[in-house]
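See below for the structure under consideration.
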Amino acid sequence: MAQFIVRRLLQSIPTLIGASIIIFLIFALAPGDYVTRQFENPKMTPERMEQLRALYGLDKPLPERYVSWAGNMLRGEMGDSLMFKKPVISVINDFIWNSFLLGVAIMFFEWLIASIIGIYSAIRQYSVFDAIATLIIFMLYSLPSFFLGLLLLKIFAVDLRWFPVGGMITTGSNYTGWAHIMDVAKHMVLPVATLTLISVGGLSRYFRTNMLEVIKQDYIRTARAKGLKERTVIFKHALRNALLPLITLFTLEIPSLFAGAMITERIYNWPGIGKVVLQAIYVRDYPLFLGYTMLITVLTILANILADVLYGIADPRVRLK
Amino acid sequence: MLRKKWLPLLVVLVFTLSVVLSACSKPQETQPSEQSKQEQTTPTASVQDNDSWTKAKDPSKIPEASKSRTDTLIIGLHEPAGTFNPLFYETVYDAYVLSAIFDGLIEVDLDGTYIPGLAEKWDLDKDNNTVTFHLRKGVQFSDGTPLTAYDVEFSYYVVADPTYDGPYDLAPAGIVGFKEYQEGNADKIEGIKVLDDYTIQIQLEKLMGTTLSDLSITVIPKHYYGKDFKKGNLDGVKALVQKPLGSGPYVFDKFVPGQEVRLVANENYWKGAPKIKNLIFKTTTDETAVQALQAGETDYETSSITANKDNVELLESLGFVDYALLPTNGYGYIAFNFYQPKFQDVRVRQALTYGLNRKAIVDAVYQGLAEVRNVPQSKVSWSYPPEDEINPYNYDPEKAKQLLEEAGWKLGPDGYRYKNGEKFTIHFLQSTPNAVNDALVPIAVENYKQLGIEFIAEPMEFNLIVEKINKAKEKTFDMYFMAWGLTPEPDPYNIFHSKGSQNRNGYSNPKVDELIVKAREELDMNKRKELYRELYKALNEDLPYIFMYQRNDLNAKNMRVVGFQISSFRDFTYSLYQAELLQY
């Protein structure tokens, strides 16, 4: 096992290099740079623009820029964000954990609700519950997040005033301990609800399909023929097998916990990494954008390896010899 | 329904109360009128809002959530990035926060004229080309250290540093020895001299009307930021971006990234201690700004609420919200590529202006809350010319056709105009996404078709358009829509002078050149005003652009906070120290 992991890690080095070149090129070749947005500033002179480009190293040829950036990355230095004027790592650190908190909560509710609905619809296929659940799920699934987000905001924050309009803590508050946790939880309800409702649809279909497939297998019939209780058949024999393909899905969702949700974070004013990165793209803050993208790339590669490992543990048929 | 049921009860209550109150009042005061009683119960502020505001009338609608904050003002604005150094900030939202913590050498008045700030007065010496700033005595930074001319000098040195990458640019001021310092080995800027603790003199290559604007700077304390400062190394200054220290009305307390910035009153502020103890800048977004105000989570919203009719009506319906529509410091325009010979003829440019229904476009986007402009200046500026001297170019297709005929563009059999075999076609660079272009393009296609001109819009991203404009000489386009920002200093040398660095489309007019240079070199305000009046008249006739519009910015506040004297040029931040929270 250890050997397998080491081999996979080594194999991912070329992937990482390739990815870094592509990401760098896409960003560097897009028209405009950090200085271009000064275009509509009537006081900006071309001399000053050149001076700024030279200070940021934007005037150098592409290969040279790539080598110096990649070299810094290897030494663990992501450089300074141009718009925040502080190290990229500290900008990411300021925001990514807020996104992570939101992501974990959403993931928890998403998997909980999706598994209940998915399994129940599968064992009661074509029942009224299945039909209604499918209808509702597809309705929610097709709603854009900005629409659902603003709708919930209007109803629950503005009209009913059950929840705050946005942010992560009550403005000006100095809560600590339990009070702080409750305060953040109150602010999380609406964004978590929005994203859970939207994403639960897709996942519950996976559960339903996998369950349906497993239920039709011979070994389920055998289990029933043995006279086992229906509960045991469903949860011990069927569900465990149905969960196998979902391991991949689960591990691949891990990087997205850190990725942030650009639109929802914006609507609910959640101080997450998503909207910061979006801003970085607009203003061409390349150290910040590249640093963040590389972080997500590394996480994705690691999650892939984790998926393989977990799959091997869970399923003896694909276990490595 | 509920309100209707309560109404009779309320009337009875008010009536009883007034009888009781009048019975209690002194005998010589016979029958106090309804009005004077109102005044007794309504709290008043010592400094009122200025007439930029449309005032709300119903204090009963003020949300309880806001009333309970008796010593805290919450200002909602777009997310501050947290670059809290006035010489390094990157966004206007950081700039708002910073202007509560720091002071400028010079302040800007409501109409954009320069008035004393930390400098109590200045002498302009035309013979010697010097400016001497006399600083106010007794001003302290919030840690108690006096503010002196050495701090001003230090601020200039930071901005002049070869590694400086912030928003200031001292080069255009033409300080003697600046180039030698920035590009050469000089370790002092020859032209900056501290005469005594409260006097600093700047020696310029040429003293001009624009000099004050070029030298205007926010002052940071040398003893705090300058410990490790030496030429070519600003790390020590930059390291303190999260811990600002200034002389402004508020003192920095805490920054929660993405959420809020907390400040507390500077009791020793030189204009007087602020009346509100705590100030919080809270992040809001376009989507939630009105809701936050409505729910009482913020007291003041700046620049997050789009100025359109829907929002204004919504704010009015809330009953407790004062709002101010301020003409934006900037204007929208359609540029001509003068490297295309057809635009060299002024009649063609006028025809294209007469022949475009600009009002329809502007109304479609801003629902009546933006005005068509015909000169490149804000209506609020001291330099804005009298309205009756400028041609409004009202939509007039017949006049446009006549001008095109005169210019030699004759209708061909296919309904389009031709001159020397060339068809009149306009290739328009349409930046997307852009709300103005969405309205402009269909109307322009229609209007210009009517004149016999083919209008072809090419949608593309902003950055790509910038690249094309920088190569205007290659003639890959004819026109594009964009906007310019405006500063209190009206000098448009960069944009309209034939040698201007931002004049990318090759516009050139000797008369305009002469007026621009005269106006920027003149020191006397009244004479400058006359020169700009002439300049705008010339630009209005010559049309280097199709001038489009000036839109508005919306400031909105809970009526419980009072004391804001603002204009497009004088931000609300100047009023923070005098603002008060009324207890309704």
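Proximity to chain B (any heavy atom under 4.5 Å) is restricted, for R161(A), to the side chain, taken from C-beta onward. Both the backbone and the side chain of A295(B) come within contact range of chain A, each with at least one heavy atom under 4.5 Å from a heavy atom of that chain. Contacts between Y168(B) and chain A at a heavy-atom distance below 4.5 Å involve the backbone alone (N, CA, C, O). Within the 4.5 angstrom heavy-atom criterion, no atom of T91(B) approaches chain A. Heavy atoms closer than 4.5 Å to chain A are found nowhere in R69(B), neither backbone nor side chain. Within the 4.5 angstrom heavy-atom criterion, no atom of E489(B) approaches chain A. Contacts between F95(A) and chain B at a heavy-atom distance below 4.5 Å involve the side chain alone, from C-beta outward. With a threshold of 4.5 angstrom between heavy atoms, Y268(A) does not approach chain B through any atom at all. Contacts between P167(B) and chain A at a heavy-atom distance below 4.5 Å are absent for every atom of the residue.
By number of non-hydrogen pairs under 4.5 angstrom with chain B, the leading residue of T170(A), V276(A), V165(A) is V165(A). For the set N278(B), I495(B), D94(B), T163(B), the entry with the most heavy-atom pairs within less than 4.5 Å of chain A is T163(B). Between chain B and the residues P164(A), G167(A), P46(A), A157(A), the largest count of heavy-atom pairs under 4.5 Å involves P46(A). Among the candidates V283(A), N98(A), I169(A), V91(A), the residue making the largest number of heavy-atom pairs closer than 4.5 Å to chain B is I169(A). Contact tally against chain B (heavy-atom pairs below 4.5 Å) for M168(A), Q279(A), K154(A): the top residue is M168(A). Ranked by heavy-atom pairs shorter than 4.5 Å toward chain A, the options V466(B), L464(B), I280(B), V256(B) are led by V466(B).
Atom CG of L278(A) is surrounded by more than 12 heavy atoms from other residues, nucleotides or ligands within 6.0 Å. Within 6.0 Å of OH on Y56(A) lie more than 12 heavy atoms contributed by other residues, nucleotides or ligands. Heavy-atom contacts from other residues, nucleotides or ligands closer than 6.0 Å to CZ of F109(A) number 12 or fewer.
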Subject >> Derivation of the side chain to side chain contact (heavy atoms under 4.5 Å, CB included) call for D286(B) and R266(A) >> reply: CA-CA 9 Å; D286(B) 291 349; R266(A) 206 184 130 74; 3.9 Å; yes
**OP:** For side chain to side chain contact (heavy atoms under 4.5 Å, CB included), just list the numbers for Q294(B) and V158(A), CA-CA rounded to whole Å, side-chain angles, deciding distance to a tenth of an Å, and then say yes or no.
**Re:** CA-CA 8 Å; Q294(B) 189 178 357; V158(A) 178; 3.7 Å; yes
Subject >> Residues N174(A), K254(B); criterion side chain to side chain contact (heavy atoms under 4.5 Å, CB included); working and verdict >> reply: CA-CA 11 Å; N174(A) 281 311; K254(B) 188 178 175 189; 4.2 Å; yes
Original post:
Can you list the steps and then say if K85(A) with N85(B) is a side chain to side chain contact (heavy atoms under 4.5 Å, CB included)?
Top reply: CA-CA 10 Å; K85(A) 295 257 187 314; N85(B) 183 313; over 6 Å; no
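Rounding to the nearest 0.5 angstrom, the gap separating the OG atom in S501(B) from the CE atom in M44(A) is 10.0 Å. A distance of 8.0 Å separates OH in Y34(A) from CG in D165(B), rounded to the nearest 0.5 Å. With rounding to the nearest 0.5 Å, the separation of CD in Q51(A) from CG in D169(B) is 7.0 Å. Taken from OG1 in T45(A) to CD in Q502(B), the straight-line distance is 8.0 Å, to the nearest 0.5 Å. With rounding to the nearest 0.5 angstrom, the OG1 atom of T36(A) is 8.5 Å from the CG atom of N470(B). Note: Y164(B) OH to L55(A) CG = 11.0 Å, rounded to the nearest 0.5 Å.
The side chain to side chain contact (heavy atoms under 4.5 Å, CB included) with T171(A) is formed by just one residue from the set T298(B), I74(B), T283(B); it is I74(B).
Contact detail for G32(A) and N463(B): the closest heavy-atom pair is CA-OD1, 3.6 Å.
For the pair N269(A) and Q259(B), the minimum side-chain heavy-atom distance is 4.5 Å or more. The side-chain heavy atoms of T288(B) and L153(A), taken from C-beta on, include a pair separated by under 4.5 Å. Contact annotation: the side chain of K275(A) approaches that of E79(B) to within less than 4.5 Å [non-hydrogen atoms, C-beta and beyond].
Using a 4.0 Å cut-off between charged side-chain N and carboxylate O, K86(A) and E90(B) make no salt bridge.
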